[in-house]
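Remarks on the structure that follows.
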Number of protein chains: 2
Amino acid sequence: MAIPRAAKTQRRTRIQEEKEEVILEAALDVFSVHGFRGSTIDQIAEVAGMSKPNLLYYFRTKEAMHRALIDRVLFTWLEPLRAFDANGNPESEIRSYIRRKLEMARDFPRESRLFANEMLQGAPHVEDELRGPLKSLVDEKAEVIRAWAKAGKIAKCDPYHLIFSIWSTTQHYADFDVQVRAVLGQEHSGEGRFEDAARYLEKLFVDGLGIRQS
Amino acid sequence: MAIPRAAKTQRRTRIQEEKEEVILEAALDVFSVHGFRGSTIDQIAEVAGMSKPNLLYYFRTKEAMHRALIDRVLFTWLEPLRAFDANGNPESEIRSYIRRKLEMARDFPRESRLFANEMLQGAPHVEDELRGPLKSLVDEKAEVIRAWAKAGKIAKCDPYHLIFSIWSTTQHYADFDVQVRAVLGQEHSGEGRFEDAARYLEKLFVDGLGIRQS
DNA sequence: TGTAATGTTTACCAATCGGTCAAATTATCC
DNA sequence: GGATAATTTGACCGATTGGTAAACATTACA
């Protein structure tokens with residue numbers, strides 16, 4: 001008699017690990033496009049290639065699936081910002097932060113859209129994480145940037161809005177991908193557009209922040 | 001015997017105009033948060049304060065409501081870009097474009113989120129408009145920017161990515177409003193954040209584009 | 001190899017979905 | 001004020017929703 005849902009067992013079976021992975025992959029496909037309410041369990045089950053009750057054996061509710069996804073994405077999403085180094089020099093730190101964020105938009109567009117969907121809906125599932133861990137991290141890095149400005153290494157500017165502008169410009173290439181492709185046309189819709197974007201954005205921010213006085 | 005749905009009649013009644021306005025207002029509330037599939041007619045009806053069949057008397061389907069909304073938003077959304085003047089001087093044109101877009105994010109956040117939702121879902125209802133009218137308009141303005149660069153009035157840069165970066169940075173304050181508020185904290189979440197953003201963004205772009213050589 | 005735990009599926013449920021219909025109500029105009 | 005057109009609603013429909021129950025199949029392990 002199968003007592004528990006997968007989560008309750010102490011050790012996780014090989015099958016559990018595999019299937020949960022398959023499910024989250026499918027859920028990411030669906031949630032990232034249609035948002036929480038617009039997605040259906042049946043749809044996720046179909047993408048995952050298993051029956052709906054089987055899905056619900058691993059994740060008891062639709063919310064549980066979404067929760068598991070969000071938790072995973074939230075963590076990895078902030079890695080580039082965590083890597084932002086106070087001891088590095090401003091130019092290379094900002095350049096590599098932009099590059100890293102742009103790579104994430106290119107390589108993990110579904111994760112970006114999942115997050116964007118959550119924000120658009122008012123962050124009903126993650127508002128605590130925004131006010132807590134996220135704010136703390138941003139506060140910390142904002143202080144670094146402010147110190148750079150004070151030391152004359154970069155122009156004086158609001159560090160929070162600087163971070164917002166890097167977030168938005170880079171994520172734009174994942175979240176608004178359709179629009180970007182439509183506007184650029186077929187000829188510039190290849191992967192090369194990320195290189196173009198990187199070049200443009202690095203120049204914009206480096207010059208915009210008055211770095212590279214040489 | 002009421003012959004037709006409202007749309008079929010030649011002249012639109014006073015009641016029709018009023019009610020359609022009320023409905024679209026409610027639909028904007030709902031669609032902008034939950035996207036097309038995540039929104040329900042019942043929910044819109046409740047917000048609009050009328051019965052579901054009554055809604056469907058004015059708009060035959062959920063799609064018709066969404067369509068009417070999208071059409072309206074698409075038009076007004078591009079006004080700032082249309083106002084972008086080739087004969088103006090680069091600095092003031094870019095400054096006022098940023099300001100206008102930022103004002104729209106502040107004054108019409110629901111419209112911005114409706115559009116963002118549509119993009120996230122792959123623009124299933126507006127892809128034609130993106131490839132057609134939108135692309136044409138952007139192409140035209142990109143040519144203006146390119147001419148400025150060629151004339152040495154601004155630094156050489158990819159005009160398309162420049163436009164993308166202005167779109168994304170400004171719309172961010174509408175679409176990711178929850179996140180912005182959470183990170184800034186209560187003390188900076190007032191309307192003043194738009195002034196701060198405007199100051200920061202204008203400086204970023206003006207310096208980033210090498211304008212203001214004086 | 002047997003058996004207990006784990007994994008899967010079929011059939012199903014109540015609630016909600018988008019939408020219809022006909023009857024009732026209200027506005028318009030002579 | 002009455003006829004006619006426009007508006008509104010309650011009752012309802014089949015399809016889909018998130019989720020459950022229990023039988024069935026498979027795996028792991030002694």
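Quick caveat, the model's predicted, so the values are computed rather than measured. Lettering follows sequence order; numbering is per chain, from 1.
- With rounding to whole Å, A:Lys52 atom NZ is found 7 Å from D:dG19 atom C1'.
- C:dA15 atom P lies 21 Å from atom CD1 of B:Ile41, rounded to whole Å.
- For the pair B:Arg82 and B:Phe75, the distance from NZ or CZ to the six-membered ring centre is under 6.0 Å and the angle to the ring normal is within 45 degrees.
- Residue B:Asp42 contributes atom CG, which lies 19 Å from atom P of D:dA15 at whole-angstrom precision.
- Of all nucleotides listed (C:dT20, D:dA6, C:dA11), D:dA6 comes nearest to the side chain of B:Tyr57.
- As a whole-Å value, the separation of A:Leu56 CG from C:dA11 C1' is 15 Å.
- Using a 4.5 Å cut-off on side-chain heavy atoms (C-beta onward), A:His161 and A:Cys157 make no contact.
- Side-chain contact between A:Val138 and A:Tyr160: present, with at least one pair of heavy atoms (C-beta onward) separated by less than 4.5 Å.
- Taking atom CZ of A:Phe59 as the reference point, atom C1' of D:dG19 lies 16 Å away to the nearest angstrom.
- Of the candidates C:dG7, C:dG19, D:dT8, the closest approach to any side-chain atom of B:Ser51 belongs to D:dT8.
- Closest to the side chain of A:Pro53, out of D:dG18, D:dA21, D:dT9, is D:dA21.
- Put simply, the side chain of B:Lys62 and the base of C:dG19 share no donor and acceptor less than 3.5 Å apart.
- At C:dT8, one or more side-chain N or O atoms of A:Tyr58 fall inside 4.0 Å of OP1 or OP2 (strictly under the cut-off).
- With salt bridges taken as basic N to acidic carboxylate O contacts below 4.0 Å, none links A:Asp196 and A:Arg193.
- Looking at the side chain of B:Met50, the nearest of the listed nucleotides C:dG18, D:dT17, D:dT9 is D:dT9.
- Between A:Asn54 and A:Arg37, the residue anchored nearer the 5' end of DNA chain C, judged by the nucleotide with its closest heavy atom, is A:Asn54.
- For B:Glu18 and D:dT8, the CD to P distance is 10 Å, given to the nearest whole Å.
- Distances shown here put every side-chain N or O of B:Gln16 at or beyond 4.0 Å from the OP1 or OP2 atom of D:dA6.
- Within the nucleic acid shown, A:Lys19 comes within 4.0 Å of sugar-phosphate atoms alone, with no base atom in reach, counting heavy atoms only.
- The minimum heavy-atom distance linking B:Trp77 with B:Glu111 is given by the pair CZ3-CB, 3.9 Å.
- For the pair A:Arg60 CZ and D:dA21 C1', the interatomic distance rounds to 15 Å; values are reported in whole Å.
- The CD-P distance, from B:Glu46 to D:dT9, rounds to 14 Å in whole Å.
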